[in-house]
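Contents: one structure, followed by commentary.
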Amino acid sequence: MTQPFELPHFYLPHPARLNPHLEEARAHSTRWARGMGMLEGSGVWEQSDLEAHDYGLLCAYTHPDCDGPALSLITDWYVWVFFFDDHFLDMFKRTQDRAAGKAHLDRLPLFMPMDLATPMPEPRNPVEAGLADLWTRTVPAMSVDWRRRFARSTEHLLNESLWELSNINEGRIANPVEYIEMRRKVGGAPWSAGLIEYATAEVPVAVAGSRPLRVLMETFSDSVHLRNDLFSYQREVQDEGELSNGVLVLETFFDCTTQEAADTVNDVLTSRLHQFEHTAFTEVPAIALEKGLSVPEVAAVAAYTRGLQDWQSGGHEWHLRSSRYMNEGALDTAGPGGPTGIGTSAADVGALLAAAGAERLRSFTHVPYERVGPSRVPDIPMPFEVTLNPGLAGARRRITAWAHATGILAEGVWDEDKLDAYDLPLCAAGIDPDATEEALDLSSQWLVWGTYADDYYPLVFGRGRAFAAAKACTERLSACMPLEGVPTTVPANALERGLVDLWRRTTEGMPPGRRRPLRDSVEVMLESWLWELSNQLQNRIPDPVDYLEMRRATFGSDLTMRLCHMEHGPAVPEEIYRSGPVRSLENAAADYAMLMNDIFSYQKEIEYEGEIHNGILVVRNFFGCDYPTALRVVHDLMTQRMRQFEHVVAHELPVLCADFELTDEAKGALHGHVAHLRNWMAGILKWHQDCRRYGARDLARRAHGFVPGRVPRVPSIAGLR
């Protein structure tokens, strides 16, 4: 069969290396697979299939430094996971039997107990037998923390296969943001990262959940998956009818040729590798210092990072050679007289680094305060009606007194003119049309505090290049939100006075267990502003994937949605809110609102504030296109997110309710959450349309720095501690 596109030129600066224990792993994995019932008689594989796929070669390339027994064990894990994928395809995807597929998946966690003394059920098929054997052989050497993380990533890998199955049933192709998000779980790279820890060193608990380590794993995941999508397009899309492939997703979304889509996927892949390198060289050392890691712990993080790089290079070499993938002529790309052998797929260094370097340089060379003219606001889809709270007028009157009482209008960042123009009570009135007077005031004040803080960080800390002071400020704000009792910190400024007041009134009578997620949400937002500051100080425009994910935090989406959860009480189990469909629902709403904000605020941020965190600018920079083209991409993406929201409500939530056997009360609470998110999106759009924060005329008449004559000092670190 003719290949559907020419494989692109891959950015891969780290040469692959081959583990010397390859033949040992090959022989062992064949014996093991036969012993588990995966070969003759399984109906899925024959020995010839296993030999052609050559998972021993994959693992020898991706884990070049571990010893023979470790390589054999890791190879067995990969044999198992690929067998699971092909078995699930034959048994459930081809037959589109979702109920049987779910029953199959529901049993698999029983074979991953945290304590090996916990009895396992008797395996019923090769998938269960293989998992039981592998878990028993692997976990004794690893910590309980690693076991939990690896079990969670394995469950995600298995359970999200239902998402793929549902999309096949509906004949639906995911949108790009949703696809990359879900592909991490379905594709299994987070699971692979766990085995990299087994082969190299465990990540210290102190940093395992930090943003830098999370970004390393996520950029590794995205790169692995997008690379696989390029090589597997022919088999998955043309042979198997698979819809979960990045090339197909972009081909459909951008209405372009398969070759253009493949080239774009490779551009995204390269950008994710750049993000990996940037994080490894800048953010990882900083978090190691901040957490006070010991020398052995720093060495463990370094070994793990190198292991992720080895996997990238080795995985690429395997894709070039495995019969499982489209790779005809790929090993000949070096050209006549070019180098051959292990690692030479990245040997065209001149072309490789010229293209990658030009793209990387573009991220750091933006000239701020570019004149872009008035923001162009296209027709914005909004299928939900907005209803304003009848108490809006009173909330508008009362908000000024609260802002004065906290000092928000006395620090040189805002004055009454800005407060009135921004009209945050209007946003609160649309978000919660049924709130009491007290609740509407509280919501309005949270919005004022959050918007003020969002303006304060880049203006005071960014222009003053005072990152250390920003971190100290963030630590003090966290101390303003105790899980028990009252804050011990004496408020020193408007941000602290406002947060102490809001925290006390919001959490009054709330047990510590319910306070913690709310505090986490505020801290996620605060930490995301530090990420923005770091980029601002480097004049670095983030790549689209990193931007979209962090933008949810900088926009404060998690905080406002967490406040929404609190209203529903315990009727909806917490695992429902953590489930894929609900997270997809909330992420779709968050993306819709934040991209809408980027459209309205483009002139304000780019021309008047010298900002680099705007989705339109991010797209312009990444694709090298003009404003109208970037606007179309962002608007299309926003529209897709609204469609995704409606799709989840119509198709995925009913299945979720059935899977969890929710009571009528819980279903009602979940539907109430959907209604709140609808109000949230409609209210935010109404606010953008009617407030005086973004219009060209309002921007031209108002100062866009400090209030004239009242320039605040950057708080000293000593004063903040």
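For this chain, numbers begin at 1 and follow the sequence in order.
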#### Entry: Between CZ on residue Arg504 and CG on residue Leu499, distance to nearest 0.5 Å
12.0 Å

### Query
If you take all heavy atoms of Thr554 and Trp529, which pair is closest and at what distance?
O-NE1, 3.4 Å

### Message
Would you say that more than 12 heavy atoms from the other residues, nucleotides or ligands in this model lie under 6.0 Å from the CZ of Arg516, or not?
### Response
no

### Derivation of the ring pair (Phe, Tyr, Trp, His ring centres under 6.0 Å) call for Trp414 and Tyr422
CA-CA 10 Å; Trp414 279 15; Tyr422 297 167; 5.2 Å; yes

### Query
Does some side-chain heavy atom of Glu532 sit less than 4.5 Å from a side-chain heavy atom of Pro458?
no

### Query
Is there a side-chain contact between His613 and Pro542 (heavy atoms, below 4.5 Å)?
yes

### Query
Which pair of heavy atoms, one from Ala590 and one from Ser557, lies closest together, and at what distance?
CB-OG, 3.5 Å

### Main-chain N/O of Ala395 paired with Asp441 side-chain donor or acceptor, under 3.5 Å
no

### Charged N-O contact under 4.0 Å between Arg396 and Asp423
yes

### Message
Between Thr639 and Asp636, is there a side-chain donor-acceptor contact under 3.5 Å, judged purely by atom types and distance?
### Response
no

### Query
So which of Val649, Asn679, Val648 actually passes side-chain contact (heavy atoms from CB on, under 4.5 Å) with Val674?
Val649

### Derivation and outcome, side-chain contact (heavy atoms from CB on, under 4.5 Å), residues Arg701 and Asp417
CA-CA 11 Å; Arg701 77 170 184 82; Asp417 179 65; 3.2 Å; yes

### Query
Would you say the side chain of Leu533 lies within less than 4.5 Å of the side chain of Gln536, judging by non-hydrogen atoms?
yes

### Task
Could you tell me how the ring of Tyr694 sits relative to the ring of His688: parallel (under 30°), tilted (30 to 60°) or perpendicular (over 60°)?
parallel

### Message
So which atom in His635 and which in Pro381 form the shortest heavy-atom distance, rounded to 0.1 Å?
### Response
NE2-CD, 4.1 Å

### Query
Atom OG of Ser528 and atom CD of Glu549: how far apart are they, to the nearest 0.5 Å?
13.0 Å

### Task
Determine yes or no for a side-chain-to-main-chain donor-acceptor pair under 3.5 angstrom, with Arg515 supplying the side chain and Thr507 the backbone.
yes

### Query
Is there a donor-acceptor contact under 3.5 Å linking the side chains of Glu370 and Tyr627?
no

### Task
Verify, without hydrogens or angle tests, whether His647 (side chain) and Glu652 (backbone) share a donor-acceptor contact under 3.5 angstrom.
no

### Query
For Thr400 and Glu416, does a side-chain donor sit closer than 3.5 Å to a side-chain acceptor?
no

### Query
Would you say the side chain of Leu502 lies within less than 4.5 Å of the side chain of Leu442, judging by non-hydrogen atoms?
yes

### Task
Please round to the nearest 0.5 Å and tell me the distance separating atom NZ of Lys686 and atom CG of Leu388.
6.0 Å

#### Entry: Nearest heavy atoms of Tyr457 and Leu530, plus distance in Å
CE2-CD2, 4.1 Å

### Query
Should Val582 and Leu670 be marked as a side-chain contact (heavy atoms from CB on, under 4.5 Å) after you check the CA-CA gap, both sets of side-chain angles, and the distance that decides it?
CA-CA 9 Å; Val582 173; Leu670 187 58; 4.2 Å; yes

### Reported OG1-to-CG distance for the pair Thr406 and Asp501, which is rounded to 0.5 angstrom
8.0 Å

### Query
Is a side-chain donor or acceptor of Ser443 paired with a backbone partner of Ala439 at a separation under 3.5 angstrom?
no

### Worked verdict on Leu656 versus Leu662 for side-chain contact (heavy atoms from CB on, under 4.5 Å)
CA-CA 9 Å; Leu656 182 71; Leu662 294 188; 5.8 Å; no

### Query
Given side chains that start at C-beta, do those of Arg632 and Pro628 come closer than 4.5 Å, heavy atoms only?
no

### Message
Would the distance check show the side chain of Thr663 and the main-chain N or O of Ala666 forming a donor-acceptor pair, the cut-off being under 3.5 Å?
### Response
yes

### Query
Just one of Glu605, Glu609, Arg620, Gln603 clears the side-chain hydrogen bond (donor to acceptor under 3.5 Å, both in side chains) bar with Asn614, so which one?
Glu605

#### Entry: Test: Arg693 and Asp698 ion pair at under 4.0 Å
no

### Contact summary for Ser375 and Phe600, nearest pair of heavy atoms
OG-O, 3.2 Å

### Message
Pairing donors with acceptors under 3.5 angstrom, does anything connect the side chains of Trp446 and Thr506?
### Response
yes

### Evaluation steps, side chain to side chain donor-acceptor pair (under 3.5 Å), between Thr629 and Asp626
CA-CA 6 Å; Thr629 302; Asp626 59 13; 2.6 Å; yes

### Task
Taking atom types as modelled, find out whether Asp598 and Tyr547 have a side-chain donor-acceptor pair closer than 3.5 angstrom.
yes

#### Entry: Derivation and outcome, side-chain contact (heavy atoms from CB on, under 4.5 Å), residues Arg641 and Met638
CA-CA 5 Å; Arg641 297 311 272 159; Met638 187 185 74; 5.7 Å; no

### Atom pair OH/CD of Tyr602 and Glu611 - distance to nearest 0.5 Å
12.5 Å

### Message
Whether Glu586 and Arg583 form a salt bridge (side-chain N of Lys/Arg under 4.0 Å from carboxylate O of Asp/Glu) is what I want to check.
### Response
yes

### Query
Would a 4.5 Å heavy-atom cut-off, applied to side chains only, mark Thr258 and Val247 as touching?
yes

### Query
So, are Asp455 and Lys418 salt-bridged, with charged N and O less than 4.0 Å apart?
no

### Query
Do the side chains of Leu518 and Trp503 get nearer than 4.5 Å, heavy atoms only?
yes

### Message
To the nearest 0.5 Å, what is the distance between CG on Asp546 and CG on Leu548?
### Response
9.5 Å

### Query
Of all heavy-atom pairs between Ile612 and His366, which one has the smallest distance, and what is that distance?
CG2-CD2, 3.8 Å

### Query
Would you say Tyr233 and Asp229 make side-chain contact, with heavy atoms under 4.5 Å?
no

### Task
Mark yes or no for whether Thr252, through its side chain, and Leu248, through its backbone, hold a donor-acceptor pair below 3.5 Å.
yes

